[in-house]
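Please read these numbers as outputs of a predicted model, since none were measured by experiment. Labels below follow one simple rule: chain letters A, B, ... track the order of the sequence lines, proteins then strands, and each chain is numbered from 1.
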There are 2 protein chains.
Amino acid sequence: MVTTVSVAQVGALVGDPARVAMLQALMDGRALTASELAQAAGITRQTASGHLAQLAAASLVTVSKQGRHRYHRLAGPEVARLLESLMLLASDATAQRPRTGPRDARLRLARTCYDHMAGWLGVQLADALVARNWVEIAEDGALVTEAGLDRLADLGLDAVVGGRAKLQCRPCLDWSERRPHLAGRLGAALCTHSLQRGWVRRQPGSRALDVTPAGWRAFHDLFDIRPPAAS
Amino acid sequence: MVTTVSVAQVGALVGDPARVAMLQALMDGRALTASELAQAAGITRQTASGHLAQLAAASLVTVSKQGRHRYHRLAGPEVARLLESLMLLASDATAQRPRTGPRDARLRLARTCYDHMAGWLGVQLADALVARNWVEIAEDGALVTEAGLDRLADLGLDAVVGGRAKLQCRPCLDWSERRPHLAGRLGAALCTHSLQRGWVRRQPGSRALDVTPAGWRAFHDLFDIRPPAAS
DNA sequence: TGGATGCTTCGGCACTCACCGAAGCATCCG
DNA sequence: CGGATGCTTCGGTGAGTGCCGAAGCATCCA
């Protein structure tokens, strides 16, 4: 079978811990240099260089030269979807051994998932939007309601409701919470909006997000979300 | 990072040609024995047995003993999604080399994609449903319209419209056509319906589907779909 | 009970590939 | 121009693992 070979090749690329670590580091959607990715994966620059060459050859990442730097980023949402699928199944396999490190705790609270927010916060937001009847979530998809379009426009998320399309949102099963959070264009808009307003802040060198005091206030006022009891 | 290891382990599982071939053979949703899977992958039984043990340990497939047979099937839709993601990226990588074998041609025309129909036929059906305004398809999801719910009920797809939920359908990017076809519960219902009515028939030992003369008549009468000019 | 079938385990071989040290390019800066 | 920085290529080593032949276990059938 012809296609089988290629599929296995892509699979082999995501079958190496170092390469996966680099891809995970790129899951926040930003572009990173080879050195940064080498550090993220815990390997030397020359090894990382070889891995990145393979990933680029398979079109999993794209590179753009700027001076003596070479910036790498995920090739597109399909790659992020692939990683999501992998993480979902990986957490399945390790579900019986609940390992919770201090680093994991921050990731579990809030993190980016390519272009949207995931973790406890992401799930809480999804629940709140469903409770307010702004969106509907089912097994096979998610939908922005008429009321939701109006209220989101009130919030200043105009870019999202440009065409008043109902299908601007997609459920994405959270690998730590095992419940859906919001992805798609609405998820991405919520994420950038929260970053712009200073509600959440990226933690350097990680996909984890810090929720600022202003963020907790906003999430409480808008969506009745309070910080979890104890972490 | 703890999770990274597990993710890479899952990735490594889908990074072997033999294992991927077996998983692809299971993509039609049926349960196959170890011997059948060994033949599908072109390896000996004992090698296949080892691979299947690994896949089962990682919860990618489930096994059920029946007498001296051991039936293997995909552990769930998440695994099918993972394979879809892989195939999509794999076809990206090989898009520059259009290889079209005689075996590929049949797969391209119509095939199963876990529980729904894909290939040229799958895309045609999706287009027809969109053209009739039974479903809406956007980048982030798909939606059954009110009219669609009525018309599908007329067709006898009652199971689908049981709750008259609009979100019973999901777009799935076709790796051969590069355009969306219908998945989700509606996609699955269309597939089983077509099989029950004898519109399509499974080809033994393959995911390819044969369209019967009655099928062409039905697809033409219902959706104005004619056989493609030449394959 | 004896033989056939389906499948797994064991042992050894061969191959792939991730890894790093060292050297080689390309780019920026003083 | 010369030094510094970012990155890549090359060579050799070592660990991991896919593969099959042979033997062992479990199940069904006569």
Side-chain angles (χ1 to χ4, degrees), chain A residues 1 4-26 30-58 60-73 86 93 205, chain B residues 1 4-26 30-58 60-73 86 93 205:
Chain A
M1 237 189 262
T4 300
V5 179
S6 316
V7 172
Q9 283 170 350
V10 177
L13 287 176
V14 293
D16 181 80
R19 277 192 293 261
V20 169
M22 290 192 286
L23 289 173
Q24 295 227 40
L26 291 171
R30 287 185 296 187
L32 299 178
T33 65
S35 299
E36 289 169 319
L37 289 170
Q39 189 184 3
I43 53 179
T44 60
R45 295 175 196 79
Q46 57 267 32
T47 304
S49 179
H51 285 313
L52 289 170
Q54 293 180 61
L55 292 173
L60 293 192
V61 303
T62 59
V63 292
S64 58
K65 301 184 54 166
Q66 283 189 15
R68 54 181 164 182
H69 296 275
R70 304 190 69 152
Y71 287 99
H72 303 258
R73 65 174 59 210
L86 279 174
Chain B
M1 235 189 266
T4 301
V5 179
S6 315
V7 172
Q9 283 170 349
V10 178
L13 287 176
V14 292
D16 180 80
R19 278 192 294 261
V20 169
M22 289 192 286
L23 289 173
Q24 295 226 38
L26 292 171
R30 287 183 297 185
L32 299 178
T33 65
S35 299
E36 289 170 320
L37 289 170
Q39 189 184 5
I43 54 180
T44 60
R45 296 176 196 78
Q46 59 266 31
T47 304
S49 178
H51 285 313
L52 289 170
Q54 294 181 61
L55 292 172
L60 292 193
V61 304
T62 59
V63 292
S64 58
K65 300 184 55 167
Q66 283 189 16
R68 55 183 163 181
H69 296 275
R70 302 189 69 147
Y71 287 99
H72 302 257
R73 64 174 60 209
L86 278 174

Mind calculating the distance between [atom1] ([X]) and [atom2] ([N]) to the nearest angstrom?
{"X": "B:Y71", "N": "C:dG6", "atom1": "OH", "atom2": "P", "value": "10 Å"}
{"X": "B:L55", "N": "C:dT8", "atom1": "CG", "atom2": "C1'", "value": "15 Å"}
{"X": "A:Q39", "N": "D:dT5", "atom1": "CD", "atom2": "P", "value": "16 Å"}
{"X": "B:H69", "N": "D:dA26", "atom1": "NE2", "atom2": "C1'", "value": "13 Å"}
{"X": "B:R68", "N": "C:dT8", "atom1": "CZ", "atom2": "P", "value": "14 Å"}
{"X": "B:Q66", "N": "C:dG6", "atom1": "CD", "atom2": "P", "value": "15 Å"}
{"X": "A:R70", "N": "D:dT8", "atom1": "CZ", "atom2": "C1'", "value": "8 Å"}
{"X": "A:R45", "N": "D:dC10", "atom1": "CZ", "atom2": "C1'", "value": "18 Å"}

Result for side-chain contact (heavy atoms from CB on, under 4.5 Å) between B:H51 and one of B:D16, B:L13, B:V61 points to B:D16
Nearest 0.5 angstrom please: [X] [atom1] to [Y] [atom2], how far?
{"X": "B:Q24", "Y": "B:L86", "atom1": "CD", "atom2": "CG", "value": "9.0 Å"}
{"X": "B:T33", "Y": "B:H72", "atom1": "OG1", "atom2": "NE2", "value": "7.5 Å"}
{"X": "A:L52", "Y": "A:L60", "atom1": "CG", "atom2": "CG", "value": "11.0 Å"}

Sorted by chain and residue number, the side-chain hydrogen bond (donor to acceptor under 3.5 Å, both in side chains) partners of A:S49 (sequence neighbours excluded) come out as none
Each nucleotide of nucleotides 12-23 of chain D classed B (base within 4.0 Å of a protein heavy atom), S (only sugar-phosphate) or -, in 5' to 3' order, makes ------SSBBB-
Any idea which of C:dT27, D:dT8, C:dG6 is nearest the B:S35 side chain?
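From the listed options, C:dG6 comes nearest.
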Among C:dC7, D:dC7, D:dT27, the one nearest any side-chain atom of A:T33 is D:dC7
* Do any N or O atoms from the side chain of B:R19 and from the backbone of A:A8 form a donor-acceptor pair under 3.5 angstrom? ->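 No; judged by distance alone, with no hydrogens or angles, the pair does not exist.
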